Amino acid sequence: MKQLVKEYIGIIIGALLIAIGLYFFWAPSNLAAGGVSGLAIVLKALFPIVPIGILIFILDCLMFMIGFIMLGKSFGLRSLMCSLSVSVLMTGLEFIWPNWQPISDDLLILLIFGALFIAIGQALVFNLEASSGGTDIIAKMITQYTHLNIGTSLMIADMIVVLLATGIFGLEKGLYAALGVLITTNLIDYLISGFNVQRYVMIIPSSSDKVQPINTYILETLERGATIYTAEGAYSKNPKQVITTVIDRKEFIDLKRKLIKIDPLAFMTVQNLHEVVGEGFKVK
């Protein structure tokens with residue numbers, strides 16, 4: 001229950017970041033860089049009396065029917081919560097700061113900072129197995145059934161909205177919107193990889209009596225699995241025992257500190273892994 005509460009708080013924080021990026025940076029400048037939010041910006045230009053938060057909510061409702069059917073109840077509930085949060089927060093921002101004007105005349109600055117807020121928010125939401133709604137749901141379905149990464153799937157869905165924005169706001173705004181899609185989708189992929197990064201660690205103890213203390217620390221203190229195998233030094237021809245394990249960032253820091261105490265002469269190499277599937281990590 002505690003973990004579930006943390007996840008929903010994370011979804012709300014992600015929704016807030018998305019709402020900030022949209023309301024303060026993209027919407028005032030008519031930067032409709034894909035997604036239901038971009039489509040809502042286009043519709044806002046056609047129907048200025050309707051709050052943009054309401055437009056986002058209406059459009060999202062059309063998409064969630066598909067999301068519940070294709071992606072399951074759990075994804076739909078989390079995504080519905082995120083979508084409602086974005087809509088409510090956008091409406092709240094519109095109430096607190098009505099008719100917000102662009103903070104800069106430089107569209108590139110507005111585009112980049114809006115993309116930064118939105119990408120961080122969407123990456124946080126995606127990492128919690130949810131979506132901010134709209135074309136994010138379509139992107140999730142494309143990813144699930146084609147195995148394309150989430151950034152590429154978002155780009156496919158969002159470019160359709162960019163074409164509509166070009167027809168309403170002109171070619172220049174359309175090109176900026178297309179650039180916004182490219183920046184946002186690549187940032188999302190980069191950030192999601194950062195959320196999931198693990199460490200593959202290989203340790204060659206300096207002597208055989210150091211193997212067991214290191215292995216015991218990994219198994220009992222870190223509570224991670226490990227593999228031990230025998231290798232031979234290419235120059236010395238002496239047999240060496242090698243320990244390998246996969247751990248997260250915090251565990252790696254703890255292991256490195258402990259290794260210095262147990263065997264300061266041990267040889268260790270580390271690689272970053274962007275996806276690990278199995279017991280103790282992502283569920284298959």
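One is the number of the first residue; the rest follow in order along the sequence. Predicted, not measured: the structure shown is a model, and the values here were computed from it.
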* Asked: Between Leu116 and Phe25, is a side-chain contact (heavy atoms from CB on, under 4.5 Å) present by the stated rule, with each step listed?
  -> CA-CA 10 Å; Leu116 185 61; Phe25 295 96; over 6 Å; no
* Check step by step if side-chain contact (heavy atoms from CB on, under 4.5 Å) holds for Met202 and Ile243. => CA-CA 6 Å; Met202 183 186 73; Ile243 305 170; over 6 Å; no
* Asked: Yes or no on side-chain contact (heavy atoms from CB on, under 4.5 Å) for Val201 and Phe252, after CA distance, side-chain angles and deciding distance?
  -> CA-CA 8 Å; Val201 182; Phe252 169 68; 3.9 Å; yes
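Residues Leu55 and Lys44 form a side-chain contact, since some pair of their non-hydrogen atoms from C-beta on lies under 4.5 Å apart. Annotation: side chain of Trp97 is in contact with side chain of Phe24 (closest heavy-atom distance under 4.5 Å). Residues Val246 and Leu273 form a side-chain contact, since some pair of their non-hydrogen atoms from C-beta on lies under 4.5 Å apart. Ile18 places none of its side-chain heavy atoms less than 4.5 Å from the side chain of Phe117. Residues Thr245 and Thr227 fail the side-chain proximity criterion, which asks for heavy atoms closer than 4.5 Å. Annotation: side chain of Phe57 is not in contact with side chain of Thr91 (no heavy-atom distance under 4.5 Å). For the pair Phe267 and Thr269, the minimum side-chain heavy-atom distance is below 4.5 Å. Inter-residue side-chain proximity for Leu16 and Ser85 is flagged as unmet; no heavy-atom pair is nearer than 4.5 Å.
Rounded to the nearest 0.5 angstrom, Arg257 CZ and Ile262 CD1 are separated by 14.5 Å. With rounding to the nearest 0.5 angstrom, the CD atom of Glu251 is 11.0 Å from the OG1 atom of Thr221. Taking CZ from Arg199 and CG from Leu255, the interatomic distance works out to 12.0 Å, rounded to the nearest 0.5 Å. Rounded to the nearest 0.5 Å, atoms CG (Leu259) and CE (Met268) are 5.5 Å apart. Residue Ile168 holds its CD1 atom at 12.5 Å from NZ of Lys173, rounded to the nearest 0.5 Å. Within the model, atoms CG of Asp248 and CD1 of Ile253 stand 9.0 Å from one another, a figure rounded to the nearest 0.5 Å.
Ala115 and Ile183 get closest at one heavy-atom pair: CB-CG2, 3.8 Å. A pairwise comparison of heavy atoms in Ser29 and Leu107 identifies CB-CD2, 3.7 Å as the closest pair. Here the closest non-hydrogen pair linking Ala27 and Ile41 is CA-CD1, 3.9 Å. Pro239 approaches Thr230 most closely through the heavy-atom pair CB-CG2, 4.2 Å. Between Ile11 and Cys82, the closest heavy-atom pair is CG2-CB, 3.5 Å. Of all non-hydrogen atoms in Val211 and Pro205, the two that sit nearest each other are CG2-CG, 3.7 Å.
Taking hydrophobic clusters as Ile, Leu, Val, Met, Phe, Trp and Tyr residues chained together by side-chain heavy-atom distances below 4.5 Å, Val50 does not share a cluster with Val88. Hydrophobic cluster membership is shared by Phe47 and Ile58, with clusters built from Ile, Leu, Val, Met, Phe, Trp and Tyr side chains linked at under 4.5 angstrom. In this structure, Leu108 is a member of the same hydrophobic cluster as Leu187, with clusters built from ILVMFWY side-chain heavy atoms closer than 4.5 Å. One hydrophobic cluster, built from ILVMFWY side chains closer than 4.5 Å, holds both Ile49 and Ile56. Ile204 and Val270 fall into different hydrophobic clusters, where Ile, Leu, Val, Met, Phe, Trp and Tyr residues are linked whenever their side-chain heavy atoms come under 4.5 Å apart, directly or through other members.
Judged by distance alone, the side chain of Trp26 and the main-chain N or O of Leu111 form a donor-acceptor pair under 3.5 Å. Panel note: side chain Asn186, backbone Leu182; a donor-acceptor pair is recorded below 3.5 Å. Judged purely by atom type and a 3.5 angstrom limit, Tyr23 has no side-chain atom pairing as donor or acceptor with the backbone of Ile52.
Within the structure, every pair that satisfies the side-chain hydrogen bond (donor to acceptor under 3.5 Å, both in side chains) test and touches residues 202-211, not counting sequence neighbours, is listed here: Ser206-Asp263, Ser207-Asp209.
The number of heavy-atom neighbours closer than 6.0 Å to OH of Tyr200, taken from other residues, nucleotides and ligands shown, is above 12. Residue Glu232 qualifies as enclosed at atom CD: its count of foreign heavy atoms under 6.0 Å is above 12.
For the side chain to side chain contact (heavy atoms under 4.5 Å, CB included) test, residues two or more places apart in sequence or in another chain that qualify with Leu171 are Thr166, Leu175.
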For residues 30-40, tabulate all N or O donor-acceptor pairs below 3.5 Å that involve a side-chain atom, not counting sequence neighbours.
none

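In summary, Lys258 and Asp254 do not engage in a salt bridge, as defined by a charged side-chain N under 4.0 Å from a carboxylate O.
Side-chain polar atoms of Glu220 and Thr216 form no donor-acceptor pair below 3.5 angstrom.
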